[in-house]
Amino acid sequence: MPGHTAQHQSKPIQIKVVLLGEAAVGKSSLVLRFVNDEFQENKEPTIGAAFLTQKVRLDDAVLKLDIWDTAGQERFHSLAPMYYRNAQAAVVVYDITRESSLDRAKSWIKELQRQANPNIVIALVGNKLDLAGTPEPTESAATGESDAADEGSEEGEEETDETRAASEGIGRQVATATARAYADEAGLLFLETSAKSGEGVVETFTEIAKKLDLNQIASNSRAARSGQLNSGNNGFGSAGEAGNRANADGCAC
Amino acid sequence: MAVAATTGISIRESDERRERAFNHLLVGRGLQVAGAASEPNSPLQSSAGHGTKSGSSERLVAMPRLKSHPLHLVSSHSQISGLARGESEGAERRDEAYGDAPRDAAGDEAAAVKATVKALVATAGHDGRTLSMTHDRKTIALTRSASLEARINRSTRRSMSKWIMCFATVNFDVDQGPTLNLVYPHVPFSESERAAICFSSMPDSTIYELYDSVYTFHFRVDPVRLGLPKDQVFLYGHVFFRQKRDPLMRRGGFQRSVAIISHLPYHGLFTRMAHMLGPLYFDLGTAILEAAAHNISSWPAPTPGASLELPFVGTALAAELPASDSSQLLETSKFPMERFDPGEHILASVTCDGLFRSFRDTLGDLWACWELMILGESLVVLADTPARCSEAIVSLVDVIFPITYCGDYRPYFTIQDPDFRAIISKTHVPANTVVGVSNPFFSEAMAHWPHKLFLGSSDRMSQMHGASARKARVLGDSGLGAGSGKEGSGLASDSGSSGSLGAGSRAIKQGLQSKRKGVVTKDRPFAEHLLNTLKTGKQPPWIVNNMLRRYFIDLTVQFLAPLNRYFSTLIPQVVSATVIPVSGSGGAGKTAPWHRGHRKGQSSSIGGMVSSPDSLSWFAAPAALRPWRTGDFMTSLTTLGISPQLSHGNKSATPANVIVSGFSGSSANGSNSGTGSSGAANSGSSSYTSDGAGAAAGSSGGAGGQSAFSLWRQKKASKKISDEWLALYRQFLICGNFATWLAHRTSEAQRELHRRFRQEVCQGDVHAWCRGYDYPLAIGEQQLAAEIEMLDLATMDLGQGGRDGSGSVQLRHVSHVFYQGHKEDERAQAERQRRQLLRERQERLAWSERPVHGSDGTLIGYSRQSSEQPAMARAAAAGLGSRPREVDGNGACKQLGQRITHAKRTQGVILKAAWQVVELLGEPALSQMLRGTSNRDDCPPASESERQMLLRQLSVLLEYMAADAGQQFLALVADDYAAGV
């Protein structure tokens, strides 16, 4: 399809990617590593959602990833639909040193499968691989201390340091196999990453890009755009259209 | 922060005002209704009959359809309980709406407040209720904003404030009217500013339907207290208003607004943002404001002409900001025109179809409206909705763009506005004021305004603006019957006693009612073309709107063309002034007489130590503009006429070729298109070179070139300007718009002159100038090199004689040369001697002078000893970024004699030049010291590279001065400067 190729080269395909997950699992750090190749030790909690873009080349196509890095704090939960609406891909992040964060990830995935774009590509990502430690923890040890970690995380990202300090001691709480099994069952991409070391970060986004149906997106984007246009027009015109509607009403009576 | 209490008071005041105005109307018509005349000033009183009345004036303004709600017809006792119930419901609802804040931060407080409210409501009597209500509202507002405020840090606020000041949310409270709930992030608005935001954010007119609306308002603020630039006396508000049915609320409905307050005139962008933000805010509460604020704080600072991707609540907006000196059109934007998509692309300063939508039904009046706007006339736009009038006014202000509307314009104005008294009076019409209103009250109160534009469906218009009288009758009815609209239009005629409402006609006609007979007439073919395009559906509305905007923007440009044409003759031709041709006599003749005289006058006024005007051709102060003389302009207007498109405006049928005529097109470049700083003066003059006759007119100015004028007159005799047009221009010249335009144009031109002057000084060859050459830039590099060489040769013997001696000996030599060269009678002799020397000492050149080559290999000069570079600036420009070697600072005294071989200009002249350079450097303290004046304000600051160049030039000047007078310390100073003081 030479036409498509030419188009890909001329204009990057815009892909909306949303990051979801519990507070303090490292969503922003993951994006920051991917986009700027940086890592900040004590990152401020995100408010609302941060927006970053990164261009990636895949075969002969250039993709522009518009990444919406949402806030994990519970008070922003209600805003999430705004960010995953029209998204072509979602990265749902959990913290491998905190078992509860996987549960939260699962509920995000359910919400996405129920409400987001049906073709959305979802990646389940276990972050903080650098804190995994050497051995996998025994069942009892993990459950014993996970409660403490949970309590810490309930408060939100302000508690990041303590949470991390607590988790540093205990290492991994979520076994790779467990998460992978879930991801396979739900039909998700699965990776483990470390935003701190950079391990697996680029791969995450590359895997997503590979799984996207670019041709469909390219052809859909126009349709979607015109759809958006219509909705935009509704928004746009609502003043005037309401006025017109009002006129119509007026004439009717 | 006594939010609620004070707002309550102002509402009561405005209620009174409204009441009075309304009663006045009723009394005036003799159409009093039962209860209407009694005790109008106690809105809180609630006898059943009077309650209906006092409420109804408010309801007419706010929610008339809901007035038959049972709660309002019951006795006072149950009304109070109803109110109490409503209030506690309201409190709960508020908690829900802003649920996120109490839930995670202030949950306990909110619960406590709720409990207090309930307790107070349960126990309080009538008076107590009002009090406690006010109190608890305040508490809620405080807790809420405190917890919100705590989460926004200073840097976020600072970067956000580059775009917007704040968000404001307004709620229509049944008892208190519109209340300002939240200003986020907190801005210390004064009470009247808060009131302006609060009342302007709610439609001030009958709202029959449940709908969403977006509109704009413009309100006055005190810039000093808000920490804004001094001239920022107005802010814009972009409102999303929603009215929807809600059975849980008293009166069964809900009216709320969220407004984006900003100082930037980016209506397209902010309107779009309001459209996005409003619905989300009503669904999700204040969390969305926080998210939005953080999004905005991540945006890059707005720079004119930038194309930006602006992430905003889940969408990346592609926005293009207007250049500082032009209107935004699809043609000039970087967005693909044929694939322009208003859902995706935003031209920040324009809404995608505002102008066309506003004037679609009254297209013919747009020409007259444009003329009124150009002349800065006062105009009132009476519309059925805030959206309609605000859009019309914003669009009208936009299409006269290179002209800024000089007065006060209010896209949406309400009767509660703090400036109400200043604008609305019975007899007086404020000058230069454009007001958009939707309240029917104004059709009566502003009946004496000379220009009134009615917009909106005629049925609704007559319902609203034609039926002030009908109001009285309707009051008695329980609601607005289906037939009341027609009834209203019938009644409109008898309410039109003032003649403003179209007495005799049955209904209000849409369109302009103006006492002025317009000069600019409707362009029928264009209008038809436009309507046809729309009808056939060939073009989407935004393209049609763009065609219409382009037409009027161009009309404005055409209108300004004669003014620009005359103005460009006032700009001194900097290039021809400084670059005095080599041969001298021939070139001087080319300069316009006024020009030369002007320069002479100026230079003598500056110093008095000038030997001849020519000697100061370069380092004189930047040339000043000649003053505008209306008489001269009118003469030029009469002789040169106006653009054929204006006078024969109806000829251009194809809007695509609107910019046709040569001079108007190019003057559009000068004043309009963003060619940057080189724009104004440059293209102003270059535009004339495209046309032979025009070029003569441009370069010779008003005084000279009579033959050119007569030629022009012969050619254009047929297109002589009509008296109507002369009158129009005459009127324009006395209106504020002209003053604003002229001030803007003048400062623009002066900045440009100054910038060019500085550039010349930076790039000029100071060595050559100091040696007596007036044309450092004019001649070719080869020629310059030859000249310098000749000079150096002529004095070489002197310089060389002392080369092995001490510094003082050399200095004496230098002084000797200077004093010789300076005397007029010895010049010829020196010249002869020089030529002889040149012939004799060719050989010497070979070993004592080194050629200096530019980066491209061309010869740019010769240096003596390896340390001197005669064309320093040139060499620097050619790649010597760092300091030249000669000014390294070691042994300045010793080098002096070697570097400076002779100086021809007097010390005074060089000193003056040095002052000039210091001033250009923009160091106010230094120039104050040297000259006793501080730096002028309108100079754009020098860039770092320019500073470096200027310092270098200064060091050379100081060296020559030192050589001249033998003051060695100056050489040291020179080196200090070169090192970058």
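Quick caveat: nothing in here was measured; it's all calculated off a predicted structure. Just so it is clear: chains get the letters A, B, ... in the order the sequence lines come, proteins before strands, and each one is counted from 1.
If you tally non-hydrogen atom pairs under 4.5 Å between each of B:P311, B:G314, B:A291 and chain A, the highest count goes to B:G314.
One distance of note links CG of A:L79 with CG of B:L280; it measures 8.5 Å at 0.5 Å rounding. Distance check: A:I47 CD1 to B:H294 NE2 gives 3.0 Å after rounding to the nearest 0.5 Å. For the atom pair CD1 (B:I288) and OG (A:S78), the distance works out to 7.5 Å, reported to the nearest 0.5 Å. For the atom pair CG (B:L284) and CE (A:M82), the distance works out to 7.0 Å, reported to the nearest 0.5 Å.
The backbone N or O of A:A50 lies less than 3.5 Å from no partner atom in the side chain of B:N295, so there is not a single donor-acceptor pair.
Shown here are the side-chain hydrogen bond (donor to acceptor under 3.5 Å, both in side chains) partners of A:Y84, two or more places apart in sequence or in another chain: A:E111, A:Q115. Residues forming a salt bridge (charged side-chain N to carboxylate O under 4.0 Å, His left out) with A:K64 (at least two apart in sequence, or on another chain): A:D66, B:E309.
The shortest non-hydrogen separation linking A:F76 to B:A287 is CE2-O, 3.9 Å. Closest approach of A:W68 to B:T315, counting heavy atoms only: CZ2-N, 3.3 Å.
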